[in-house]
Engineer: 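Pasting in a structure now, in structure tokens, and then I'll have a few things to ask.
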Amino acid sequence: MMHNIEFIYSMLVAVNDIKYPSMQLDTMWKKLLINQFHDVLPGSCIELVVQDALKLYDEIETEGSNLLQLGIKAITQHKDNEGENEIFLINTHCWDRSEVVTISGDIFKSTQPKNKKQKTDIKTALNSCGETLALVEVPSMGYSILQSPEDKPIPCTVKIEDEFAIMDNGLLTAYIDRTGRVCKLLHKRTGRNAFKEDASEAFYGNQFVLFDDVPLYWDAWDVMDYHMETRSPITNIKAQTSITEDCGLRCAVSYKLAISEKSWIKQDIVLDACAHNLVFNTQVEWHESHKLLKVEFPLDVRTLNATYEIQFGHVQRPTHGNTSWDWAKYEVVGHKWADMSEFGFGVSLLNDCKYGFSAKDNVLSMSLLRSSKSPDANADMGTHHFNYSVLPHTGTFQEARVVQAAYDFNNPLQVMAVKSPTLGAKIMSYFKVSNPAIILDTIKKAEDRDDALVVRLYEAYGGHSTGFLITSLPFQHAIRCNILEELKPTETMDINNGTIQLHLNPFQIISLILSFDLI
């Protein structure tokens, strides 16, 4: 959300000369960052701190949502109220996006012509909740009035056959049993099953498992290696798999499992048209004591290392325990994605809020919930909502653009009903990067200048990368700066027809100040 707010208001400063909400953003960042501190971040704080943190997050969410809506309205502000509404989409990432979006019934109805004839060039469908689904295209770091890709998508289908729910979109075929386990995920391009079939029937894709979680000393801090000896699959069905969505652009199945008498899992498994990933929207009612909940995926991939995203890069950790050092890495940190790949094929696990992973041989697991009792006896008790996704791919994670897929999974397109935008054309891209290895992560107004923006980029693939930063804005000057926005006078960069050449070392982070006047 903070990323989106900074981008939208930066564009308003650059194009409409609208005041940047510096004071509000400064307050919001301070509230956010105080909760990025030990012990709040790892979840090892006392209950009173949790209450304070949740209050701050609610304040950030409320103020940020208001700022975001005001910014989008400012982009699309009209001098008069004539004309009909249109659906307006904003993409804050530095690559073009094509995906299925959900449009609420009120928004979609407000944009239909008075003669009620639906626009024939827009690929839409109604879902089971009465919302409109649309397959859309939006350019990089810009906006678009609702439009669909030229190519007609292959419709999603779902059916129940031989006790399996079978979902297919022409790219993937998923076979899901009554307990929500994905027994087979067929990658159509290669003909490969992403999951290794287990003769003992002990491991399946999307298998929830429960472990005893009783550290020796530090309850909320430690996860001991001996927890792995207590693996217990969750298979108690409260509601078996059934079809909940089948509208061509999206198909979905739902099921519910009992963890215990007090705890349960409800999950929707979703496959969209043109999507390369299978999505798991999850709700957990959690009331356990000293238990650890994970989800497992036995991948049909042979590799000695798994790769995990960290901020501005990634790290590799072994999938074996050949040495004591290797064995000690049974639980590792990761951000938006984890990946296991061999030559020519791999599988990535994307998520929107979980940061603990483990990889043993070919089984990639993600830690979902704990239930420690000290120093907070009620830690994590209650209702949880989170999402994750499986993405089989050809080649390496770099070639498959897993980094971009994880960004998109965590930051949906912004959708709103508006009058035609005042910033220019109905389709506009303000920034684009020619090399997918270079990620434009942040755009914000310079702290000490009203006529300049700061852009922060990093090299995400782990190699020397050359590319071009392309902008449609009339910047006159570009210069490198450090994270404090102090200028590096010897590192002025040329702007030729809105193009700046970039050279980045592996995982290098660079910041540029782009100004409309000479610095």
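Start at 1 with the first residue, then count along the sequence.
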Engineer: Would you tell me whether Asp168 and Thr157 have side-chain atoms, one donor and one acceptor, within less than 3.5 Å of each other?
Structural biologist: no
Engineer: Assign the ring pair Phe357 / Tyr308 to parallel, tilted or perpendicular, where the plane angle (0 to 90°) is split at 30° and 60°.
Structural biologist: tilted
Engineer: Could you check whether any side-chain N or O of Asp268 sits under 3.5 Å from a backbone N or O of Ser254, counting only pairs where one atom can act as donor and the other as acceptor?
Structural biologist: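 No, Asp268 side chain to Ser254 backbone: no donor-acceptor pair under 3.5 Å.
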Engineer: May I ask you to test the Tyr204-Thr179 pair for a side-chain heavy-atom distance under 4.5 Å?
Structural biologist: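 They are not in contact (no side-chain heavy atoms under 4.5 Å apart), so the answer is no.
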Engineer: If you define the side chain from C-beta out and look only at heavy atoms, does anything of Phe345 sit under 4.5 Å from Val301?
Structural biologist: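 Side-chain contact under 4.5 Å: yes.
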Engineer: For residues Leu172 and Asn169, determine if any side-chain heavy atom of one lies less than 4.5 Å from a side-chain heavy atom of the other.
Structural biologist: yes
Engineer: Hey, does the Lys NZ or Arg CZ of Lys354 hover above the aromatic six-ring of Tyr388, less than 6.0 Å from the centre and inside 45° of the axis?
Structural biologist: no
Engineer: Report yes if the side chains of Val270 and Glu245 come closer than 4.5 Å at any heavy-atom pair, otherwise no.
Structural biologist: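 Val270 vs Glu245: side chains apart.
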Engineer: Identify, with sequence neighbours excluded, every residue that meets side-chain contact (heavy atoms from CB on, under 4.5 Å) alongside Pro375.
Structural biologist: Ile46, Ala220, Trp221
Engineer: Has Arg192 got more than 12 heavy atoms of other residues, nucleotides or ligands less than 6.0 Å from its CZ?
Structural biologist: yes
Engineer: Donor-acceptor pair, distance only, cut-off 3.5 Å: does the side chain of Asp222 make one with the backbone of Met224?
Structural biologist: no
Engineer: Are any side-chain N or O atoms of Asn362 and backbone N or O atoms of Leu299, one a donor and one an acceptor, separated by less than 3.5 Å?
Structural biologist: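 Checked: pair present.
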Engineer: Which pairs pass salt bridge (charged side-chain N to carboxylate O under 4.0 Å, His left out) with one or both residues in residues 376-395, sequence neighbours excluded?
Structural biologist: none
Engineer: Does NZ or CZ of Arg231 come closer than 6.0 Å to the centre of the six-membered ring of Phe203, within 45° of the ring's axis?
Structural biologist: yes
Engineer: According to side-chain contact (heavy atoms from CB on, under 4.5 Å), who are the partners of Ile483, at least two apart in sequence or on a separate chain?
Structural biologist: Arg456
Engineer: Counting only heavy atoms from other residues, nucleotides and ligands, does the tally under 6.0 Å from NZ of Lys262 exceed 12?
Structural biologist: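 Not buried by this count: 12 neighbours or fewer within 6.0 Å.
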